[in-house]
Novice: 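Submitted below is the structure of interest, expressed as structure tokens.
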Amino acid sequence: MIKSPVYTHCFITVKALKVHYIHYLCTIKTKFYLSMIHISDRVTNLSPSQTLAMSQKSSELKAQGVDVINLSVGEPDFNTPDHIKEAAKKAIDDNFSFYTPVAGYMSLRKAIAQNLREVNGVEYAPEQIVVGGGAKQALCNAVLSIVNPGDEVIIPTPAWVSYVEMVKLAEGTNVLVPAGIDQNFKITPEQLEKAITPRTRLIIICSPSNPTGSVYTKAELQGLVDVLKKYPDITIIADEIYQHINFTGSFTSLGTFPEVADRVVVVNGVSKAYAMTGWRIGFIAAPLQVAKAVSKLQSQYTSNPSSIAQKAAEAAYTGSQECVEEMRRAFERRRDLVVSLAKEIPDIEVNVPQGAFYLFPKVSAYFGKRFGDKVIENDTDLAMYLLEEGHVATVAGEAFCLPGYIRLSYATSDDNIREAMRRIAEALKKLK
Ligand code: PMP
Ligand code: GLU
């Protein structure tokens, strides 16, 4: 700790004062150097994850004693199943404590390849699979490996908060293609065709979707593929992290379309399906060139994902899948509950999400209304109002590049859902 030299030495000799004066100057100089730290434009221009920020805000309010219900962050509220936790404990005892291969243990990559073959009917060699620190890092690795500065990346919106930021990191150009509630938040082949230019290099498709829960049917995906097959230099990232939280009874991976399969990068992982968000294991299954590029990148900045978490993920993929189905059923029941309660609230428009655990109601009818002297101008104001007045944390649609909406994550107990929807209804009623 730096003492104040003026205060400490006002009673001592001139000589000592001189020494301390020099010390003081050094202190000033050190402070001066500290203030010269530069933060890169790359990071300065990046927005922090608003889903995580809102969740943190809600935790802070809770710590202050405010009874907040957190519908902001998207993560299952279930504990990781026991057999997966046992595998991790065993991995610790068996000394899986060393660096692993950069792309992950071969046994895990084989288990993932087998799972993709058996569940999705897609064929990837283990060499085409690179495991990363969560689907988020796996996806970011892929974006950084594919996108050059100035390349255009098509992102149907609303879109998960991180896509546009990852493209910004890669110095690419985001081309947003909006799809509102009137089209069930799914883009059409015509919209896609219109967005493509000679600079388009990548499209990121998320189904089941965060933040809307919409699921593209096989026929709808075929429509998009029919456009994309004409543009062989566009790579397709298929974010399928919510594939197992699907209420339609069928799931089609973009990797199954032969016209484009050789340029589809599938992103998936254990976070959502196996309630393992904190373990940080996700992967890409990709054309070999992309897998190699991603491995090279990963070798320089993370080396490998956690050895213990990899062993846990292996148990997830090779063990009983009963837990996945149990959680899926719980999410479906909660989906029905949240939709029925939301439909009772005047002037908000809802669709029926077919997967994931989000509801994305249109709330723009409340814009321009006021509570006291506070006017609700937009969805960010509304999300803040719901937090402050209703003590319910949600995320503004703007964070997902589609203003006019808010996102509710219903990955929480039935009681929390009921109480949160009651509070939202009450808070909205107060707006005049
Ligand atoms: N994609 C989407 C659409 C997500 O919602 C998430 C969850 N944050 C991820 C990827 C990343 O998942 P993970 O927790 O495995 O990094
Ligand atoms: N996917 C989750 C969400 O959208 C986790 C938060 C995040 O990774 O941004 O809330």
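These numbers come from a predicted model, not from an experiment. All ligand and atom numbering here is 1-based and tracks the order in the structure.
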Novice: Flag the pair Lys57 and Glu60 as a salt bridge only when some basic side-chain nitrogen lies within less than 4.0 angstrom of an acidic carboxylate oxygen.
Specialist: no
Novice: Check whether any N or O atom of Ala135, backbone or side chain, sits under 3.5 Å from an N or O atom of ligand 1, and answer yes or no.
Specialist: yes
Novice: Heavy-atom distances under 4.0 Å decide this one: backbone, side chain, both or neither, for Asn210 against ligand 2?
Specialist: side chain
Novice: If you measure every N/O of Leu52 against every N/O of ligand 2, is any gap under 3.5 Å?
Specialist: no
Novice: Does the pair Arg333/Asp336 count as a salt bridge with the N-to-O cut at 4.0 Å?
Specialist: no
Novice: Taking the six-membered ring for Trp, are Tyr317 and Tyr274 closer than 6.0 Å centroid to centroid?
Specialist: yes
Novice: Does some non-hydrogen atom of Lys136 fall short of 4.0 Å from ligand 2?
Specialist: yes
Novice: Within the 4.0 Å heavy-atom shell around Cys206, which atoms of ligand 1 are there?
Specialist: 3 (C)
Novice: Please determine if Lys432 forms a cation-pi arrangement with Phe371, meaning its NZ or CZ atom is less than 6.0 Å from the six-membered ring centre and no more than 45° off the ring axis.
Specialist: no
Novice: Taking only Lys NZ, Arg NE, NH1 and NH2, and the carboxylate oxygens of Asp or Glu, determine whether Lys230 and Glu193 approach each other closer than 4.0 Å.
Specialist: yes
Novice: So do Met421 and Ile345 actually touch side chain to side chain, heavy atoms under 4.5 Å?
Specialist: yes
Novice: Taking the six-membered ring of Phe96, is NZ or CZ of Lys311 closer than 6.0 Å to its centre and within 45° of its axis?
Specialist: yes
Novice: Within the structure, does Lys136 bring an N/O atom to less than 3.5 angstrom of an N/O atom in ligand 1?
Specialist: yes
Novice: May I ask you to check if ligand 1 and Tyr358 share an N or O to N or O distance below 3.5 Å?
Specialist: no
Novice: Do Arg201 and Glu152 meet the salt-bridge criterion of a basic N to acidic O distance under 4.0 Å?
Specialist: no
Novice: Quick one: does Gln137 get an N or O within less than 3.5 Å of an N or O on ligand 1?
Specialist: no
Novice: When you look for heavy atoms under 4.0 Å from ligand 1, do you find them on the side chain of Arg280, its backbone, both, or neither?
Specialist: side chain
Novice: For the pair Glu127 and Lys110, find out whether any cationic side-chain nitrogen is under 4.0 Å from an anionic carboxylate oxygen.
Specialist: no
Novice: What protein heavy atom sits nearest atom 1 (N) of ligand 1, and how far away is it?
Specialist: Asp239 OD2, 2.6 Å
Novice: For ligand 2, is any non-hydrogen atom under 4.0 Å from Lys272's backbone (N, CA, C, O), its side chain (CB onward), both, or neither?
Specialist: side chain
Novice: Heavy-atom distances under 4.0 Å decide this one: backbone, side chain, both or neither, for Phe400 against ligand 2?
Specialist: neither
Novice: So does Glu332 pair up with Arg329, basic N to acidic O under 4.0 Å?
Specialist: no
Novice: Starting from atom 10 (C) of ligand 1, which protein heavy atom do you reach first, and at what distance in Å?
Specialist: Trp160 CZ3, 3.4 Å
Novice: Evaluate Phe400 against Tyr405 for side chain to side chain contact (heavy atoms under 4.5 Å, CB included), listing each step before the verdict.
Specialist: CA-CA 9 Å; Phe400 306 96; Tyr405 298 79; over 6 Å; no
Novice: What part of Tyr163 sits under 4.0 Å from ligand 1 if we count only heavy atoms: the side chain, the backbone, both or neither?
Specialist: side chain
Novice: Taking only heavy atoms of Gly134, which atoms of ligand 1 are found under 4.0 Å from at least one of them?
Specialist: 15 (O), 16 (O)
Novice: Side chains of Tyr216 and Lys186 only: does a donor on one sit below 3.5 Å from an acceptor on the other?
Specialist: no
Novice: Ser49: heavy atom below 4.0 Å from ligand 2, yes or no?
Specialist: yes
Novice: Give the atom numbers and elements of ligand 1 that come within less than 4.0 Å of a heavy atom of Asn210.
Specialist: 3 (C), 4 (C), 5 (O)
Novice: Is Phe357 in contact with ligand 2, taking contact as a heavy-atom separation below 4.0 Å?
Specialist: no
Novice: For ligand 2, find out whether one of its N or O atoms is nearer than 3.5 Å to an N or O atom of Trp160.
Specialist: yes
Novice: What protein heavy atom is closest to atom 7 (C) of ligand 1, reported as residue, atom name and distance in Å?
Specialist: Lys272 NZ, 2.7 Å
Novice: Please verify whether a non-hydrogen atom of Gln50 lies at under 4.0 Å from ligand 2.
Specialist: no
